[in-house]
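In what follows, a single structure is set out as C-alpha cells and then discussed.
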Amino acid sequence: RQSIPLSKQVDYYSTVYENLVQQLGSGGAQDHVSKSLFVVVIGSNDILGYFKSGSDLPKNTTPQEYVDLMLLTLKQVLKRMHELGGRKYVVAGLGAIGCCPSQRNQNKTSEECNEDANHWSLNYNQRLQLMLKGLKTELNDFDYSQVDTYAAFSRFIQTPAAFGFREVKAACCGLGRLKAQVPCVPISSYCSNRSDHVFWDLYHPTEAAARIFVDTVFDGSLPFADPVNVNHLVTT
C-alpha cells in the first residue's frame, strides 16, 4: 500500500477542474471553485519517515534541509492549485509527532516523546506560517486558515483529564509495547474504551480526540487558527 503523493492528488484535481470547465464554462468553473474549501493535511508521514528508526534520510540531508524542501514543495503545489482556481485553504500544521506511540516506542529507556521530532515539527509549523503569509501577499485572492495541530493536541497530552482522556502514551489498537510494535490489524488487541485514549493506533488520534480538535479549529481563535478560523473562512 502507498499514499498518493500530494502532486498526484493535484493532478487529479486538475482533471476535475477541466471537467468543470467543460460543464460550466471557464467563468462558471472559476466561480464554483473559488467558493470551495481546499483542506491540505500533509507532512506528518515525511517527519515520521525522517525520524523512523533505521531511516537513511538523516545520512543524506540535514533536518533543516528536509523541512525546507517539504515547504518548497508545498508552496509550489499551492501556487498550482491557485492557478487552477483554488482560493480558500485550510492548511494543517504538524502535530506533536514525537509523542505518538510509534515514536515513544523507539525510546528504549523510557516512554517519553521524541523531542527531536517535536522540535522539527515546530520548526516546520513556524516556517509554514511565514510561507503562507508570503503567498497571501504574492497571490490575488488567496485566503487561508492555518490550523495549529501541535498546540491543539499538546493540550490533550499535557492535561488529558481536562478533555476526558486517561491514556496519552499507548495506542488503543495494536500489539506489543504501547501497542505500537504491531499496527492495528485483525490480530491486534484493542482497548475497552477508545474514548479515553488520545491515540487510536501507533500514529493516528482516536475519534474522540479528532472531534475535539475539529471543534477547536472550526470555531476557535489564536493560537489554534490563524489568521481566521475555519468557520470564518467558509462564510466569507
Side-chain angles (χ1 to χ4, degrees), residues 3 6 40-78 90-135 144-160 162-163 165 167-171 177-181 197-206 209-210 212-213 216-217 220 222-227:
S3 300
L6 183 58
V40 182
V41 183
I42 199 77
S44 296
N45 286 349
D46 300 279
I47 294 295
L48 283 166
Y50 190 92
F51 287 100
K52 182 180 180 180
S53 179
S55 173
D56 290 330
L57 288 169
K59 300 176 184 177
N60 302 316
T61 182
T62 66
Q64 191 64 72
E65 291 170 340
Y66 191 71
V67 166
D68 289 345
L69 179 60
M70 289 170 60
L71 289 164
L72 176 61
T73 302
L74 178 58
K75 182 177 181 179
Q76 293 170 339
V77 165
L78 290 174
V90 176
V91 184
L94 300 182
I97 301 294
C99 293
C100 70
S102 70
Q103 288 291 301
R104 289 182 186 270
N105 182 55
Q106 288 181 193
N107 191 334
K108 301 306 179 184
T109 59
S110 70
E111 297 175 348
E112 296 306 309
C113 302
N114 180 340
E115 294 304 335
D116 282 342
N118 281 347
H119 170 81
W120 290 105
S121 296
L122 282 171
N123 181 277
Y124 173 90
N125 292 343
Q126 292 162 357
R127 289 170 179 266
L128 174 64
Q129 184 179 44
L130 294 175
M131 185 267 281
L132 291 172
K133 287 182 177 179
L135 282 180
Y144 68 92
S145 175
Q146 181 183 350
V147 173
D148 194 337
T149 311
Y150 196 104
F153 273 91
S154 291
R155 299 181 308 161
F156 303 160
I157 295 168
Q158 294 165 2
T159 57
F163 300 94
F165 299 117
E167 178 58 67
V168 302
K169 295 182 178 181
R177 183 171 178 254
L178 298 178
K179 291 191 178 178
Q181 292 177 293
H197 280 57
V198 172
F199 291 97
W200 166 249
D201 62 11
L202 66 172
Y203 302 119
H204 303 102
T206 56
I212 298 171
F213 167 71
T216 299
V217 301
L222 287 169
F224 306 113
D226 179 47

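Residue numbers count from 1 along this sequence. What you see is a predicted model, and the numbers here were worked out from it, not measured in a lab. What's counted below: heavy atoms across the whole structure, side chains too, no hydrogens, waters or symmetry copies.
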Is the shortest heavy-atom distance from the side chain of [X] to the side chain of [Y] under 4.5 Å?
X	Y	result
Cys99	Val198	no
Phe153	Pro205	yes
Leu128	Leu74	yes
Leu135	Leu78	yes
Phe51	Ile97	no
Leu130	Leu71	no
Gln103	Tyr203	no
Ser145	Val217	no

For the student: nearest non-hydrogen atoms of [X] and [Y], plus distance:
X	Y	answer
Ile47	Tyr66	N-CE2, 4.5 Å
Gly43	Leu94	C-CD2, 3.4 Å
Ala152	Phe213	CB-CD1, 3.6 Å
Pro223	Ala151	CG-CB, 4.4 Å
Ala180	Pro101	CB-O, 3.5 Å
Tyr124	Val67	CA-CG1, 3.8 Å

Determine whether Arg177 and Glu111 satisfy the following criterion, side-chain contact (heavy atoms from CB on, under 4.5 Å), listing intermediate values before the conclusion. CA-CA 9 Å; Arg177 183 171 178 254; Glu111 297 175 348; 3.5 Å; yes
Between the side chains of Gln106 and Asn114, is a donor N or O closer than 3.5 angstrom to an acceptor N or O? no
Can you tell me if Gln64 and Asp68 form a side-chain donor-acceptor pair at under 3.5 Å? yes
Evaluate the ring planes of Phe156 and Phe163, with Trp represented by its six-membered ring, and classify them as parallel (under 30°), tilted (30 to 60°) or perpendicular (over 60°). perpendicular
Side-chain donor/acceptor of Glu167 to backbone N/O of Lys169, under 3.5 Å: yes
Is it true that a side-chain atom of Ser121 and a backbone atom of Ala96 form a donor plus acceptor pair closer than 3.5 Å? no
Steps toward side-chain contact (heavy atoms from CB on, under 4.5 Å) verdict (Ile157, Phe165): CA-CA 9 Å; Ile157 295 168; Phe165 299 117; over 6 Å; no
Say you draw a straight line from [atom1] of [X] to [atom2] of [Y]; how long is it, rounded to the nearest 0.5 Å?
X	Y	atom1	atom2	answer
Asp201	Lys179	CG	NZ	12.0 Å
Phe224	Thr216	CZ	OG1	6.5 Å
Asp226	Leu132	CG	CG	9.0 Å
Ile212	Arg155	CD1	CZ	8.0 Å
Asn125	Gln146	CG	CD	6.5 Å
Lys52	Asn45	NZ	CG	10.5 Å

Both conditions, 6.0 Å and 45 degrees, for the charged tip of Arg104 above the ring of Phe199: are they met here? no
Under the side-chain hydrogen bond (donor to acceptor under 3.5 Å, both in side chains) test, residues paired with Ser53 that sit two or more places apart: none
The test is side-chain contact (heavy atoms from CB on, under 4.5 Å); show your working for Cys100 and Leu48 and say whether it passes. CA-CA 10 Å; Cys100 70; Leu48 283 166; 3.9 Å; yes
